[in-house]
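Presented below is the structure to which this report refers.
We use all heavy atoms of the structure for the numbers below, so side chains are in, but hydrogens, waters and symmetry mates are not.
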Amino acid sequence: MKQHYDVVIVGGAVIGSAVAYYLTANPDFTGSVLVIEKDPTYVKASTSLSSSSIRTQFSNPINVKISQYGSEVIRNFGEMMEVDGDKPDLNFHSGGYLFLANTPEQVQILKENHEAQISCGEDVVLWNRDELADAFPHLRVDDIELASYGRSGEGWFNNTGLMYGFRNKARAQGAEYVTDEVVEIARDGARVTSVTLASGAVIGAGTVVNASGPRAAKTARMAGLDIPVEPRKRTLFVFDCAKTPEGTATVNDGRLPLMIDPSGVFCRPEGKFFLTGCPPVDDPAVDWDDFDPRYDEFEEIIWPALAERSESFEAIKVVNQWAGHYAFNTLDHNMVVGAHPEVGNFIFANGFSGHGLQQGPATGRGVSELIIYGGFRTLDLSEVGFERIVAGRPFLERAVI
């Protein structure tokens, strides 16, 4: 480890490693990169504990385009991340997403979201009740007024595979990784100058990237800055069915999608089982080390909604559960990507609120462009920059799960 690096990235999970990859992959960047990660096992990282899905069904065109690029990277990941002949396989399952609406307000949102998606060239269809029943016969649809189904570019994949692919390729391209923790960030007026590590090392930094997930606010405060990001707990459950409905669909070769019920409960296939979760009724900030599952959510919220939606889900049994953290942006539940307006060499890549995996590729590329060129070159992410945080101006996205 050297005494100074051109770019120091705080956090080495999918966001930090994506930034390191895109920097070192760009021939216009000739600098040095250090990634600081406190836990190289990543067992409690939001990346590792997520439901690892990608969708393009958003309401804002920027979010649609971010996921379109993410989908492109996932499709070509093996070629992009090849190291010494090893091509990582993300085992992508193209199951699609299925949003269900049973109120006038939900119907209107699906229709307006669909317009934004189609304007970006997305392969999304709206179905009435009969079309939905024909496609997925296992569902009870008497209360459903409209459904939105993504026919391509959506699904789920290997979450840690994405992270380790970026990480391994970034290291092969020259990025350095160190197991340590940032405990202090020094500033000289309008610039950050160095980071101090728990080991006692002081590392000079030309640019600091905050990619510390749910701990983003803690990292920012070391530099005398604030960002409205806090850890929010999400519990996921894996369950078995007495009689699985997988294979019964009349579309997509029988594969079932990730379904979002009007109640907010979601469910998708997970091998021979199913993965499910729901927005919590009470959603307070939690301690960074609190990973105790909320077991009651399954019996009180999830199972009743699923059993009402399908006879196949009446007889189910939980076989596994775990809790992870959303890096939750309390202003608007959307990513914050960009430099601080007063401290220009401190760059945020935070607040993904559950979308970090699918938005990681576009974020890594965008942050690398800010560092190398001083501005975005491919997809303009200005709308999700830090300036809106200062102004208290939410970036509105209605398709938040």
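Residues Glu145 and Leu110 form no side-chain contact, since every pair of their non-hydrogen atoms from C-beta on lies 4.5 Å or further apart. Put simply, the side chain of Phe313 reaches to within 4.5 Å of the side chain of Phe239, judged on heavy atoms. No side-chain heavy atom of Pro214 sits less than 4.5 Å from a side-chain heavy atom of Phe328. Between Leu139 and Leu132 there is a side-chain heavy-atom pair separated by less than 4.5 Å. Within the 4.5 Å cutoff, the side chain of Val8 has no heavy atoms near those of the Val209 side chain. Between Ser382 and Phe376 the shortest side-chain heavy-atom distance falls below 4.5 Å. You'll find the side chain of Tyr149 reaches within 4.5 Å of the side chain of Pro257, heavy atoms only. Looking at heavy atoms from C-beta onward, Trp156 lies out of side-chain contact with Ile54 at the 4.5 angstrom threshold.
Distance alone, capped at 3.5 Å, is enough to place a donor-acceptor pair between the Asn350 side chain and the Asn210 backbone. Without hydrogens or angle criteria, Thr250 side chain to Asp134 main chain gives a donor-acceptor distance under 3.5 Å. Gln117 places no side-chain N or O within 3.5 Å of a backbone atom of Ser59 that could act as its donor or acceptor partner. One N or O on the side chain of Thr103 and one on the backbone of Gln106 form a donor-acceptor pair closer than 3.5 Å. Put simply, the side chain of Glu131 gets close to the backbone of Asn128: a donor and an acceptor are under 3.5 Å apart. Remark: side-chain polar atoms of Asp332 are paired, donor with acceptor, to backbone N or O of Phe395 under 3.5 angstrom. Side-chain N or O atoms of Asp180 include none that pairs as donor or acceptor with a backbone N or O of Val182 at under 3.5 Å. Without hydrogens or angle criteria, Arg388 side chain to Val384 main chain gives a donor-acceptor distance under 3.5 Å. Using a distance-only test at 3.5 Å, with no hydrogens or angles considered, a donor-acceptor pair links the side chain of Glu37 to the main chain of Asp39. Checked by atom type and distance alone, the side chain of Glu184 never pairs as donor or acceptor with a backbone atom of Leu197 at under 3.5 Å.
The six-membered or imidazole ring of Tyr295 lies away from that of Phe237, with a centre-to-centre distance of 6.0 Å or more. Here Phe386 and His340 bring their ring centres to under 6.0 angstrom of each other. Aromatic pair Phe291/Trp322: ring centres not closer than 6.0 Å. Aromatic pair Phe166/Tyr164: ring centres not closer than 6.0 Å. Between Phe58 and Tyr97, the gap from one ring centroid to the other reaches at least 6.0 Å.
If you run salt bridge (Lys or Arg N to Asp or Glu O under 4.0 Å) between Lys233 and each of Asp287, Asp290, Asp289, Asp292, only Asp290 comes through.
Thr56 and Gln68 form no side-chain donor-acceptor contact under 3.5 Å, judged by distance and modelled atom types alone. Side-chain N/O atoms of Thr378 and Arg365 include a donor and acceptor closer than 3.5 Å. Using modelled atom types and a 3.5 Å distance limit, the side chains of Thr207 and Asn345 yield no donor-acceptor pair. Side-chain contact, Ser32 with Glu176: no donor N or O sits under 3.5 Å from an acceptor N or O. Looking at Asn26 and Thr24, their side chains never bring a donor and an acceptor atom within 3.5 Å of each other. Between the side chains of Asp86 and Asn168, no donor-acceptor pair of N or O atoms lies under 3.5 Å. Remark: the Tyr21 side chain and the Arg171 side chain contain no N/O donor-acceptor pair separated by less than 3.5 Å. No side-chain N or O of Asn334 forms a donor-acceptor pair with one of Glu397 less than 3.5 Å apart.
Environment of CD in Glu342: sparse, with no more than 12 heavy atoms of neighbouring residues, nucleotides or ligands closer than 6.0 Å. Within a 6.0 Å sphere centred on NZ of Lys65, other residues, nucleotides and ligands contribute 12 heavy atoms or fewer. The 12-atom threshold is not exceeded at CH2 of Trp303, counting heavy atoms of other residues, nucleotides or ligands nearer than 6.0 Å. Residue-environment remark: CD (Glu311) stays at or below the threshold of 12 foreign heavy atoms within 6.0 Å.
Taking both residues in full, the closest heavy atoms of Asn159 and Thr47 are given as ND2-O, 3.2 Å, listed atom of the first, atom of the second, then distance. Looking at every heavy atom in both residues, Val35 comes nearest to Gly11 through CG1-O, 3.7 Å. Nearest heavy-atom pair, Gly12 versus Ser17, reported as atom, atom and distance to 0.1 Å: O-OG, 2.8 Å. When all heavy atoms are compared, the tightest approach of Leu275 to Ser51 is CD2-CB, 3.7 Å. The two residues Ala201 and Met1 come nearest to each other via the heavy atoms CB-CE, 4.1 Å. Between Phe157 and Ser53, the closest heavy-atom pair is CE2-C, 3.8 Å.
To the nearest 0.5 angstrom, His93 atom NE2 is 12.0 Å from Asn252 atom CG. In this structure, Ile227 CD1 and Asn329 CG are separated by 6.5 Å, a value rounded to the nearest 0.5 Å. To the nearest 0.5 Å, atom CD1 of residue Ile302 and atom CD of residue Glu297 are 6.0 Å apart. Within the model, atoms OG of Ser148 and CD1 of Ile109 stand 12.0 Å from one another, a figure rounded to the nearest 0.5 Å. Here the straight-line distance linking atom CZ of Phe348 with atom CD1 of Ile15 works out to 15.0 Å at 0.5 Å rounding. Atom-to-atom distance recorded for Thr244:OG1 and Leu256:CG is 7.0 Å, nearest 0.5 angstrom.
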*Are Ser94 and Glu154 close enough, and set up right, to give a side chain to side chain donor-acceptor pair (under 3.5 Å), and what steps lead you there?*
CA-CA 6 Å; Ser94 56; Glu154 299 183 322; over 6 Å; no

*Could you walk me through whether Phe29 and Tyr373 pass the ring-ring contact (aromatic ring centres under 6.0 Å, His included) test, one step at a time?*
CA-CA 9 Å; Phe29 179 76; Tyr373 305 114; over 10 Å; no

*Under the salt bridge (charged side-chain N to carboxylate O under 4.0 Å, His left out) rule, what do Asp282 and Arg294 come out as? Steps first, then yes or no, please.*
CA-CA 11 Å; Asp282 297 312; Arg294 292 190 177 116; over 6 Å; no

*Could you go through the salt bridge (charged side-chain N to carboxylate O under 4.0 Å, His left out) check for Asp28 and Arg377 one step at a time?*
CA-CA 13 Å; Asp28 291 336; Arg377 288 290 186 90; 5.7 Å; no

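A salt bridge links Lys87 and Glu79; the closest N-O separation between the charged side-chain nitrogens and carboxylate oxygens is under 4.0 Å. Look at Arg268 and Glu270 and you find a salt bridge, because one of the NZ, NE, NH1 or NH2 atoms lies within 4.0 Å of a carboxylate O, short of that distance. No salt bridge links Asp240 with Lys317; every basic N to acidic carboxylate O contact stays at or beyond 4.0 Å.
A cation-pi arrangement is present between Arg167 and Tyr177 under the rule of less than 6.0 angstrom and at most 45 degrees off the ring axis. A cation-pi arrangement is absent between Arg232 and Tyr326 under the rule of less than 6.0 angstrom and at most 45 degrees off the ring axis.
Tyr22 and Tyr69 have tilted rings, their planes meeting at an angle from 30° to 60° on a 0 to 90° scale.
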